[in-house]
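Below is one structure; the comments refer to it alone.
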Protein chains: 2
Amino acid sequence: MSSNLFTIPEHQSDEEVIELLAEGRELRIERIISRGHASPPGFWYDQELDEWVALLQGEARVRFENGITRRLQAGDYLFLPARLRHRVESTSTEPPCVWLAVHGSFPEQVRAASREGNHEV
Amino acid sequence: MSSNLFTIPEHQSDEEVIELLAEGRELRIERIISRGHASPPGFWYDQELDEWVALLQGEARVRFENGITRRLQAGDYLFLPARLRHRVESTSTEPPCVWLAVHGSFPEQVRAASREGNHEV
């Protein structure tokens, strides 16, 4: 089986496409394809696991509850500690956004983020 | 702090560059930059953890002990169960190879790989 992160399914629905690429105990690697999708109004992600996420293609904006917005370009990555509320404000359509997300437990990163008092690191 | 997977350090040594991006218990996310590097003659990776690895940029060849070689292009990814001996036969120089590796424990993937009797999946 050959698999490629940049190959976009042709018959994509109107929804974001989330593919589970690998799974362990409290550990998930996902590819997410977004084409102009954004989190619904008033929606915040509030996750039980920490998340390390990279935008591999496209452009996107992620907003945090403190009002800070991060613009992401291809290759940019973020660490999102568990329970850090965030939402996707916008994603590009051409090209579609390809995200790679690793959901797991990263205690060192959480400590580093609190030391800096800046969860948007 | 802004971080980008496709930003290559200017003053790169002759060695591969391995950066630890996030770490948990039995869990590591690394970026590896290879420019024409290959595993030394006779060397085989023989790792304690499973590895999910994607080539994000460049071209590379990975060889397995059974003689099978996989050619990888940007976006291709592989699952390498723990103890599956493998080596990097070649990596491109222009552009340099950018790998994203997640070392962890992925029991489902290991079972799927053995069901198919094909660890090069």
Side-chain angles (χ1 to χ4, degrees), chain A residues 1-8 19-31 33 49-57 59 62 70-82 95 98-113 115-121, chain B residues 1-8 19-31 33 49-57 59 62 70-82 95 98-113 115-121:
Chain A
M1 190 180 80
S2 183
S3 304
N4 189 288
L5 294 170
F6 298 119
T7 301
I8 307 286
E19 289 171 300
L20 183 62
L21 304 182
E23 191 174 22
R25 198 173 72 82
E26 299 201 331
L27 177 58
R28 289 192 328 274
I29 304 179
E30 293 173 345
R31 177 175 80 147
I33 300 169
L49 291 174
D50 304 320
E51 178 178 0
W52 181 94
V53 61
L55 183 65
L56 299 183
Q57 176 182 288
E59 294 188 4
V62 175
R70 281 284 308 272
R71 286 172 188 274
L72 303 178
Q73 296 189 312
D76 287 340
Y77 58 88
L78 289 176
F79 178 70
L80 304 169
V98 176
W99 306 85
L100 187 76
V102 182
H103 301 271
S105 180
F106 298 96
E108 287 300 325
Q109 257 71 14
V110 173
R111 276 194 284 276
R115 269 201 304 277
E116 299 181 30
N118 175 3
H119 278 168
E120 290 76 16
V121 166
Chain B
M1 190 180 80
S2 183
S3 304
N4 189 289
L5 294 170
F6 299 119
T7 302
I8 307 287
E19 290 170 300
L20 183 63
L21 303 182
E23 188 173 23
R25 197 171 73 82
E26 299 201 331
L27 177 59
R28 290 193 326 275
I29 303 178
E30 292 174 346
R31 177 175 80 147
I33 300 169
L49 291 173
D50 303 320
E51 177 178 1
W52 181 93
V53 61
L55 182 65
L56 300 182
Q57 176 182 287
E59 296 187 3
V62 174
R70 281 284 308 272
R71 285 171 189 276
L72 302 177
Q73 295 189 312
D76 287 340
Y77 57 87
L78 288 177
F79 178 69
L80 305 168
V98 176
W99 306 86
L100 186 75
V102 182
H103 302 270
S105 180
F106 299 97
E108 287 300 326
Q109 258 70 15
V110 173
R111 276 193 284 274
R115 268 200 304 276
E116 300 181 30
N118 174 2
H119 278 168
E120 290 76 16
V121 166

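Nothing here was measured: the structure is a model prediction, and the numbers come from that model. Just so we're on the same page: letters track the sequence lines, and every chain starts at 1.
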Please state whether the side chain, the backbone, both or neither of A:Q73 comes within less than 4.5 Å of a heavy atom of chain B.
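Only the backbone of A:Q73 comes within 4.5 Å of chain B.
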
Who pairs with A:E30 by salt bridge (charged side-chain N to carboxylate O under 4.0 Å, His left out), at least two apart in sequence or on another chain?
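Counting only residues at least two positions away or on another chain, A:E30 forms a salt bridge (charged side-chain N to carboxylate O under 4.0 Å, His left out) with A:R28.
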
Which atoms of B:L21 approach chain A - backbone, side chain, both or neither, heavy atom under 4.5 Å:
both

Region of B:L56 that comes under 4.5 Å of a non-hydrogen atom in chain A
both

What residues, two or more places apart in sequence or in another chain, satisfy ring-ring contact (aromatic ring centres under 6.0 Å, His included) together with B:W99?
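None.
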
Taking the six-membered ring for Trp and the full ring for Phe, Tyr or His, determine whether the centres of A:F106 and A:W52 are under 6.0 Å apart.
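When the ring centroids of A:F106 and A:W52 are compared, they turn out to be at least 6.0 Å apart.
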
Side chain to side chain, A:L100 and B:L100, heavy atoms closer than 4.5 Å:
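A:L100 reaches B:L100 side chain to side chain.
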
Taking every non-hydrogen pair under 4.5 Å, which of A:T7, A:L27, A:V102, A:V98 racks up the most with chain B?
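Of the options given, most contacts go to A:L27.
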
